[in-house]
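Take a look at the structure below.
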Amino acid sequence: MEPTVEGEDFSRVAFTQAAVAQIQRLIDRNGPLMFHQSGGCCDGSSPMCYPEGDLITGDADVRMGHVEVPLPDGTTSPLDFWMSREQFAYWRHTHLTIDLVDGRGGGFSLESPDGKRFLTRSRML
């Protein structure tokens, strides 16, 4: 992902190949997507995938990265990764890797009906 946090020249977010493959399938079904990592417990701390613009972001959110997802037909689709500003204050020293695992998460994330869920793996920068 391209870094989008002001003053930074490194990416804070990456996706595993499994996550990218699922994202490509979801783009095919739903069009452009966005991710949002909020705080909280349980599924509230999972990365949530929505159709682009379905979750309104604002001053309470940080855009952590942008990527043009490569599609099988040779085109790309934009994808932004957001995090709540409050959560970012806690995770500002971490790099996030978004993975895909078996299981159904709660909430409204687009991968749920496929029996999969996105999972955030973090490491210190």
Side-chain angles (χ1 to χ4, degrees):
M1 292 197 91
E2 299 170 14
T4 56
V5 176
E6 188 175 329
E8 293 186 355
D9 60 358
F10 58 91
S11 176
R12 291 181 165 272
V13 183
F15 295 91
T16 65
Q17 286 293 47
V20 170
Q22 180 70 20
I23 290 167
Q24 290 168 329
R25 287 188 291 274
L26 294 172
I27 290 169
D28 185 53
R29 282 187 245 165
N30 302 282
L33 305 175
M34 65 183 291
F35 272 83
H36 190 273
Q37 176 80 49
S38 63
C41 69
C42 308
D43 290 324
S45 60
S46 296
M48 303 295 280
C49 181
Y50 303 105
E52 182 180 49
D54 268 20
L55 180 72
I56 305 300
T57 57
D59 291 341
D61 301 289
V62 175
R63 183 174 167 234
M64 294 182 62
H66 172 83
V67 67
E68 292 291 326
V69 178
L71 301 176
D73 67 2
T75 62
T76 62
S77 183
L79 181 116
D80 287 326
F81 191 96
W82 296 85
M83 180 179 279
S84 68
R85 188 168 300 283
E86 184 177 335
Q87 188 72 8
F88 182 73
Y90 292 112
W91 287 23
R92 69 182 174 270
H93 300 297
T94 59
H95 178 272
L96 309 178
T97 299
I98 308 305
D99 199 358
L100 183 74
V101 297
D102 290 331
R104 290 197 57 178
F108 302 101
S109 194
L110 291 174
E111 78 285 1
S112 277
D114 295 338
K116 304 286 186 185
R117 67 185 185 94
F118 290 110
L119 176 76
T120 301
R121 301 181 191 280
S122 62
R123 67 174 169 79
M124 297 298 286
L125 287 173

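Keep in mind that this is a model prediction, so the values were computed, not measured. In this chain, numbering begins with 1 at the start of the sequence shown.
Listed for the T94 side chain is no donor-acceptor partner under 3.5 Å among the backbone atoms of S122. Under a 3.5 Å cut-off, the side chain of S77 and the backbone N or O of V69 do not form any donor-acceptor pair.
Residues R12 and L96 form no side-chain contact, since every pair of their non-hydrogen atoms from C-beta on lies 4.5 Å or further apart. Here the side chains of I23 and L100 are not in contact, with every heavy-atom distance at 4.5 Å or above. For the pair M34 and D54, the minimum side-chain heavy-atom distance is 4.5 Å or more. Within the 4.5 Å cutoff, no side-chain heavy atoms of H36 are placed close to those of P47. Side-chain contact between L71 and T76 is absent, with no heavy-atom pair separated by less than 4.5 Å.
Screening residues 4-32 for ring-ring contact (aromatic ring centres under 6.0 Å, His included) gives F15-F35 as the qualifying pairs, with residues at least two apart or on separate chains. Annotation: salt bridge (Lys or Arg N to Asp or Glu O under 4.0 Å) contacts involving residues 91-101, sequence neighbours excluded, comprise D99-R121.
Both V20 and L110 belong to a single network of hydrophobic side chains, linked directly or stepwise wherever heavy atoms of I, L, V, M, F, W or Y lie under 4.5 Å apart. At a threshold of 4.5 Å between side-chain heavy atoms, the hydrophobic network of Ile, Leu, Val, Met, Phe, Trp and Tyr places M1 and Y50 in two separate groups. Tracing side-chain contacts under 4.5 Å through hydrophobic residues (I, L, V, M, F, W, Y), one never reaches V101 starting from V13; they form parts of separate clusters.
Between the CG atom of L33 and the CD1 atom of I27 there is a distance of 4.5 Å, given to the nearest 0.5 Å. Annotation: the span from M64 atom CE to D80 atom CG amounts to 12.0 Å, rounded to 0.5 Å. Here CG of D61 is found 6.5 Å from CH2 of W82. Values are rounded to the nearest 0.5 Å. With rounding to the nearest 0.5 angstrom, the CE atom of M83 is 7.0 Å from the OG1 atom of T120. Distance check: L125 CG to W91 CH2 gives 12.5 Å after rounding to the nearest 0.5 Å. Going from atom CE of M48 over to atom CZ of F108 covers 7.5 Å, rounded to the nearest 0.5 Å.
Not counting sequence neighbours, D9 has no partner by the side-chain hydrogen bond (donor to acceptor under 3.5 Å, both in side chains) test. In terms of the salt bridge (charged side-chain N to carboxylate O under 4.0 Å, His left out) criterion, D73 has no residue partners (sequence neighbours excluded). By the salt bridge (charged side-chain N to carboxylate O under 4.0 Å, His left out) test, R25 is found to be paired with no residue, residues two or more places apart in sequence or in another chain being considered. The salt bridge (charged side-chain N to carboxylate O under 4.0 Å, His left out) check on E52 picks up nothing, with sequence neighbours excluded.
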side-chain hydrogen bond (donor to acceptor under 3.5 Å, both in side chains) between S109 and E111, intermediate numbers included: CA-CA 6 Å; S109 194; E111 78 285 1; 2.4 Å; yes
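Heavy-atom contacts from other residues, nucleotides or ligands closer than 6.0 Å to CD of E8 number more than 12.
Listed here is the closest heavy atom pair of R117 and S46: NH1-OG, 4.2 Å. The minimum heavy-atom distance linking G115 with R104 is given by the pair CA-CG, 3.9 Å.
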